[in-house]
There are 2 protein chains.
Amino acid sequence: MKDIKKRSDCPISNSLDVWGDKWSLLIVRDLMFAKECTYGDFLKSDEKIATNILASRLQMLETNGIITKQDHPDSKAKVLYKLTQKGVDLLPLMIEINLWADKYFTLPMERKAILEEVKKDKEGFIREKTIELLKDTD
Amino acid sequence: MKDIKKRSDCPISNSLDVWGDKWSLLIVRDLMFAKECTYGDFLKSDEKIATNILASRLQMLETNGIITKQDHPDSKAKVLYKLTQKGVDLLPLMIEINLWADKYFTLPMERKAILEEVKKDKEGFIREKTIELLKDTD
DNA sequence: TAAATTTGCTTGCGTTTTGCAAGTACAAAT
DNA sequence: ATTTGTACTTGCAAAACGCAAGCAAATTTA
């Protein structure tokens, strides 16, 4: 519920004020790869985020219009998290992070395969993935 | 001097382990816009980074090969910081951050003008800016 | 239908990181 | 010779983090 205070008028700074930490973009990543996730799904990710940190980040990402909550079709106990348009618009940025990391780190096979596809036609990949992610968004 | 511990094999995670905080990319931004900066130049930026945080971030960015120190031509008391190739390679990512911010925040005039140029020819902008930033890099 | 489990969080608490102010060492200018 | 500039370091209080445990509501199992 806390307000995000802008440190300056710079767009880079404004952006970092929202998702400039070690966890927020990992949540976005999970939503981009899995399309939608429950609270428990996020906890299962390799980086092992703490439950309180996850809760605070989900709250802040929702407050900032990057994600939304939806009812889970299977159960009232579950909550589905999805990217909003604003969240999906982070896709080009996420791709560039992947491309940079591809040059300076060792990627797992699986991600490397997706990146090959991206390198062939970046625009096309973004266009199709965006449509896919926005399906059933209210 | 501390080691960066990787939380997982994910490239997004690996990248965030290096520059996933509120300050590192602002240092990179300053170096991209000004080409090279002294310690004092970074302190002058609008966000008002604390001196100890700046020192620790410069150290960590250098350790991770994103920036390098160089002698200042004018004075032995000054230190010039510059982006390495690895640092310059963050340019596409920085551009995408700007483009995202352009959609969801209000940009200052000056940055808006640069972005118009970027929108016209992203590839060209990156190519030329990269050459400019790498000039006189040892 | 009662008990156990799942799910999405919240709470406590010790550790780490941050932010602010002040201090220091060396170079350069006065 | 003294003051100023530059690049940091240090101390300390406040905030954020990370781990474990707890909790309420929904769901499954016995």
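Note on naming: letters A, B, ... go to the chains in the order of the sequence lines (proteins, then strands), and numbering restarts at 1 for each one. None of the values given here were measured: they were computed from a predicted structure.
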Tell me which pairs pass side chain to side chain donor-acceptor pair (under 3.5 Å) where either residue lies in residues 11-23 of chain A, with sequence neighbours left out.
A:R7-A:D17, A:S8-A:S13, A:D21-A:S24, A:D21-A:R57
Phosphate OP1/OP2 of C:dC9: any A:R57 side-chain N/O under 4.0 Å
no
Should A:Y81 be listed as having a side-chain N or O under 4.0 Å from OP1 or OP2 of C:dT7?
no
Per the under-4.0 Å heavy-atom filter, residues of residues 21-46 of chain A near DNA chain C come out as A:T38, A:Y39, A:G40
State which residues pass side-chain contact (heavy atoms from CB on, under 4.5 Å) with B:Q85; sequence neighbours excluded, sorted by chain then number.
A:K103, A:Y104, B:D89, B:L134
The side-chain contact (heavy atoms from CB on, under 4.5 Å) partners of A:A34 (sequence neighbours excluded) come to A:C37
For B:D46, the salt bridge (Lys or Arg N to Asp or Glu O under 4.0 Å) test, sequence neighbours excluded, returns none
Mind checking what makes salt bridge (Lys or Arg N to Asp or Glu O under 4.0 Å) contact with A:E123, not counting sequence neighbours?
none
Strictly under 4.0 angstrom, non-hydrogen atoms only: write out the protein contact profile of nucleotides 19-30 of chain D, one letter per nucleotide from the 5' end, B, S or -.
BBB----SS---
Restricting to side chain to side chain donor-acceptor pair (under 3.5 Å), what partner residues turn up for A:K122, sequence neighbours left out?
A:E96
Would you mind reading off the distance between A:Q59 atom CD and D:dA16 atom P, rounded to a whole angstrom?
14 Å
For DNA chain D, find the residues of residues 6-16 of chain B with a heavy-atom distance under 4.0 Å and give them by number; none if there aren't any.
none
Can you list every ring pair (Phe, Tyr, Trp, His ring centres under 6.0 Å) pair that touches residues 37-87 of chain A, not counting sequence neighbours?
A:F42-A:Y81
How sharply is the helix from C:dT1-D:dA30 to C:dT30-D:dA1 bent, taking the axes over five pairs at either end and rounding to 10 degrees?
10°
Taking ring-ring contact (aromatic ring centres under 6.0 Å, His included) as the definition, give me every residue that meets it alongside B:F33, ordered by chain and number, with sequence neighbours left out.
none
